[in-house]
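Input: a single structure, listed below in structure tokens.
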Amino acid sequence: CASSDYWPAAIQYDPEGDETPMGSLGVFEHWNNPTDRQYSRNLGSGDGIELLYYNAAAMAVPPVLTEDIHIASPNPFSTFTEFRRPEQVSRNAVLRLYSADGQLINQFSFTGSDVIRWDGSDSNHNDLPGGLYVYIIHDALNGAGYSGKVILQQ
């Protein structure tokens, strides 16, 4: 995979912008084992590559972000905030919370309630550090999406 011989035909990598594509991305590593699938940087043993997981379904942005909305109150918050479902959003809508670096950290549904209460934890109930978090509401029923920001203070 490091050699351009194995890249799809349309892929060219020219980081200098000098119209001279690279023929290789250099040396590649192998996993430590098929279960853990860790590389040297993940194992803390050097400056090698780092395995990052990308979940396309979880990171999928709604097809149309029609507007920013401000539905979190209080905001900023320290113990909890509540997201109130806007009238234009169906009860089938999903609210996803992302860290500032784009990692999905938690998600909720408005099914059964017009208010979602979030205590600043991830989907495994681990407390998250203070900072900026982005919420995106995807409403598949009407094909719309809405986004906003919330600040967790520690």
Fill in: Identified ring-ring contact (aromatic ring centres under 6.0 Å, His included) partner of Y133 from the options F77, F83, W118, Y98
W118

Discussion item. Looking at S73, is its backbone amide N or carbonyl O close enough to the side chain of T81 to form a donor-acceptor pair, meaning the two atoms are under 3.5 Å apart?
Written reply: yes

Discussion item. Working to the nearest 0.5 angstrom, can you tell me the gap between I136 CD1 and Q107 CD?
Written reply: 11.5 Å

Discussion item. Is it the case that over 12 heavy atoms from other parts of the model lie below 6.0 angstrom from the CD atom of Q154?
Written reply: yes

Worksheet item: Minimum heavy-atom separation for R84 to F110, with atom names?
Response: C-CE2, 4.2 Å

Worksheet, complete the sentence: Tightest non-hydrogen contact, residues G120 and L152, listed as O-CD2, 4.0 Å

Discussion item. So, using side chain to side chain contact (heavy atoms under 4.5 Å, CB included) as the criterion, who are the partners of S78 when residues are at least two apart?
Written reply: none

Worksheet item: Rounded to the nearest 0.5 Å, how far apart are OG of S121 and CZ of F80?
Response: 13.5 Å

Item to complete: Measure the CG-CD distance between L97 and Q103 for me, rounded to the nearest 0.5 Å.
Response: 13.5 Å

Discussion item. To the closest 0.5 Å, what do you measure between NE2 (H70) and OG (S147)?
Written reply: 8.5 Å

Discussion item. My understanding is that only residues two or more places apart in sequence, or in another chain, count here; which of them pass side chain to side chain contact (heavy atoms under 4.5 Å, CB included) with T111?
Written reply: N92, S109

Discussion item. According to a hydrophobic-cluster definition based on side-chain heavy atoms being under 4.5 Å apart (Ile, Leu, Val, Met, Phe, Trp, Tyr only), do V94 and V134 belong together?
Written reply: no

Worksheet item: D114 side chain to R85 main-chain N or O, any donor-acceptor pair under 3.5 Å?
Response: no

Discussion item. Rounded to the nearest 0.5 Å, what separates atom CG in N106 from atom CG in L95?
Written reply: 9.0 Å

Discussion item. To check you understand the geometry: which heavy-atom pair defines the closest contact between P86 and I71, and what is its length?
Written reply: CG-CG2, 3.8 Å

Practice prompt. Go through the structure and list residues passing side chain to side chain contact (heavy atoms under 4.5 Å, CB included) with N75, not counting sequence neighbours.
Written response: A72, V150, I151

Discussion item. Keeping N124 on the side-chain end and N126 on the backbone end, is there a donor-acceptor pair under 3.5 Å?
Written reply: no

